[in-house]
2 protein chains.
Amino acid sequence: MISPIQVRDMSPRHLRNSCTNCSLRELCLPLGLSPEEMQELDGIITQARPIKRGEALYRAGEPFRSLYAIRLGFFKASVISEDGREQVTGFHMSGELMGMDAISTDVHTCDAIALEDSEVCELPFNDIEELSREIPLLQRHFHKVMSREIVRDHGVMLLLGNMKAEERLAAFLLNLSQRFAIRGYSSSSFHLRMTREEIGSYLGLKLETVSRTLSKFQDQGFIKVQNRLIELENIDSLKKLLNTCHDE
Amino acid sequence: MISPIQVRDMSPRHLRNSCTNCSLRELCLPLGLSPEEMQELDGIITQARPIKRGEALYRAGEPFRSLYAIRLGFFKASVISEDGREQVTGFHMSGELMGMDAISTDVHTCDAIALEDSEVCELPFNDIEELSREIPLLQRHFHKVMSREIVRDHGVMLLLGNMKAEERLAAFLLNLSQRFAIRGYSSSSFHLRMTREEIGSYLGLKLETVSRTLSKFQDQGFIKVQNRLIELENIDSLKKLLNTCHDE
DNA sequence: CAAGGAACTTGATATGGATCAAGCCCAATC
DNA sequence: GATTGGGCTTGATCCATATCAAGTTCCTTG
């Protein structure tokens, strides 16, 4: 369920705004495009745009024109039901692509809110389609990215439909840990960008339950919690929580 | 969250195997392709293949080569966690496309099981990509279909994360009702193809809860249940269950 | 047509997480 | 540096749904 390990961008600073930029790894790096193709792809990517913490990259109901590649930062995506309940559908970090849900109706169906100061590259969708008609590798890659989103969503359904609170939290922490590791950050010590309430919304739990479960993990020596700083002290125990066979 | 109403195919029987076939409406009908393009699309669609009730169209772990358009019948898609828990991720009926999750890794990540005798058309994925490079309308349409799957999944997350058992069941019944209506079947009287356990798995409930809740709806006069035959007797009441504002 | 088993219903009880409530801590703001 | 409010923790209680259990119906298969 986790994408293959991808290397951190070590290219010189002056190249960082190009398509080889690490922030666009999901869209570009694994492609193996020719230099010319790279340049074409570069051509459609607009200047990075900063989004302050708390600001919306887009909101449900707004017309759809572009996908967004996160260059830097951290976002939550959430849907609001007719009667006002929020469901966080995902947390997204650098290198990931947002907005694919909007393709179906040409209208955004989620809110995307920055949870820290962030930067995104806008990718006009018409351009993506046009270019991917010319570059089969890009086409294939784009399809894989969309498909990966579907697979991820299925994983969340499994979590919401089958798992107990402790398992959900353990899965959540391990997932974050892996994604930070891929980006070259510590996998055992990281800062949560979201509130307990947002974690709860994502995991189908109330914020009190999130808080209690984190405390319990701490008591058991699995993690250390200091506000939003999390240190994983016994990753294997967390993994064991997940693998435990639940009879039936 | 529901796709626009689409008309039932009234074309003569001898044309039914072509791309205008009603069973492929999701893939073909709304496109407005030229006759030549239609023919090309026809060319990649293989002979319909029958799948008996209980048989698998594909299983998790099998190599991915094709998407499948359901011509006729009813399928469930489900993922199995490492420790053996099943989560039904969706129920699929005629005109829908299955297998898109497999694009990401070239391996199927779900099981697709026929819940009644069914027929599918195989669509080799390489051909789809090639053709959609030539026919922008097809490309756009395929992207919309994938995106719609993502939006659908977000809806399920909202359901699993936020709703009570009664709301989940009501949403489920109304969703089925709409989808039957689109296909020209009765929206108020239909046959469930799945067991209570499968409904429960999809909705994150135990089969007893599904059974009890259906009985309750019957007692309240919202529906009539006879085995797997469901009759919606008061659709508005079911809708009201969903719209009810849950304070907070 | 009979037998067996899967699917379903219904009741009784248990429990995980929600809800309600109170107080604390920290970060932002003046 | 004090103040304020949002975010968080922890305890007590409640409730929706799971779990356990028993019996029924229906469908399949011989």
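Quick caveat: nothing in here was measured; it's all calculated off a predicted structure. Letters A, B, ... are given to chains in the order of the sequence lines, protein chains preceding strands, and every chain is numbered from 1.
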Residue list, ring pair (Phe, Tyr, Trp, His ring centres under 6.0 Å) with [X], at least two apart or on another chain:
X: Tyr68(B); value: Tyr58(B)
X: Tyr202(A); value: Phe91(A)
X: Phe64(B); value: His108(B), Phe125(B)

Quick one: list whatever passes side-chain contact (heavy atoms from CB on, under 4.5 Å) with [X], sequence neighbours left out.
X: Lys240(A); result: none
X: Asn227(B); result: none
X: Ser81(A); result: Asp83(A), Arg85(A), Leu158(B)

Euclidean distance, atom [atom1] of residue [X] to atom [atom2] of [N] [Å, nearest integer]:
X: Ile199(A); N: dT9(D); atom1: CD1; atom2: C1'; value: 14 Å
X: Gln218(B); N: dC8(C); atom1: CD; atom2: P; value: 15 Å
X: Asn162(A); N: dT19(D); atom1: CG; atom2: P; value: 10 Å
X: Arg196(B); N: dT24(D); atom1: CZ; atom2: P; value: 19 Å
X: Arg53(B); N: dC27(D); atom1: CZ; atom2: P; value: 10 Å
X: Leu115(A); N: dG6(D); atom1: CG; atom2: P; value: 18 Å
X: Glu197(B); N: dA6(C); atom1: CD; atom2: P; value: 12 Å
X: Leu169(B); N: dC8(C); atom1: CG; atom2: P; value: 13 Å

Requested in this report: Take the C1' atoms of the five end pairs on each side of the helix from dC1(C)-dG30(D) to dC30(C)-dG1(D), get both axes, and report the angle to 10 degrees.
Outcome: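 The end-segment axes of the helix from dC1(C)-dG30(D) to dC30(C)-dG1(D) are tilted 60° relative to each other.
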Query raised in the report: Should the pair Phe180(B) and Tyr185(B) be assigned to parallel (<30°), tilted (30 to 60°) or perpendicular (>60°) ring geometry?
Result: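 Answer is perpendicular, since the angle exceeds 60°.
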Report task. For Glu116(A), check salt bridge (charged side-chain N to carboxylate O under 4.0 Å, His left out) against everything at least two apart and list the hits. Result ->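 Salt bridge (charged side-chain N to carboxylate O under 4.0 Å, His left out) check on Glu116(A) returns Arg193(A).
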Requested in this report: Could you tell me which residues satisfy salt bridge (charged side-chain N to carboxylate O under 4.0 Å, His left out) with Arg59(A), sequence neighbours excluded, listed by chain and number?
Outcome: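 Only Asp111(A) meet the salt bridge (charged side-chain N to carboxylate O under 4.0 Å, His left out) criterion with Arg59(A).
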Query raised in the report: For Thr105(B), what residues pass the side chain to side chain donor-acceptor pair (under 3.5 Å) criterion, not counting sequence neighbours?
Result: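 Testing Thr105(B) for side chain to side chain donor-acceptor pair (under 3.5 Å), a comparison that skips the adjacent residues, returns none.
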Output one line per pair: protein atom, nucleotide atom from nucleotides 17-24 of chain C, and distance, for all N/O pairs under 3.5 Å.
| unit_1 | atom_1 | unit_2 | atom_2 | d |
| --- | --- | --- | --- | --- |
| dG17(C) | OP1 | Ala165(A) | N | 2.7 |
| dA18(C) | OP1 | Lys206(A) | N | 3.2 |
| dA18(C) | OP2 | Lys206(A) | N | 3.3 |
| dA18(C) | OP2 | Thr209(A) | OG1 | 2.2 |
| dT19(C) | O4 | Arg212(A) | NH2 | 2.8 |
| dC20(C) | N4 | Glu208(A) | OE2 | 3.4 |

Requested in this report: Please work out which residues in residues 221-235 of chain A have a non-hydrogen atom less than 4.0 Å from an atom of DNA chain D and list them by number.
Outcome: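 Per residue number, the list reads Arg228(A).
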Query raised in the report: Counting just side-chain N and O atoms, does Ser215(B) come under 4.0 Å of either OP1 or OP2 of dT10(C)?
Result: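 True: Ser215(B) side-chain N/O within range (under 4.0 Å) of dT10(C) OP1/OP2.
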Query raised in the report: Any Lys/Arg nitrogen of Glu96(A) or Arg148(A) sitting under 4.0 Å from an Asp/Glu carboxylate oxygen of the other?
Result: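 Here Glu96(A) does not pair with Arg148(A) in a salt bridge, since their nearest N and O are not under 4.0 Å apart.
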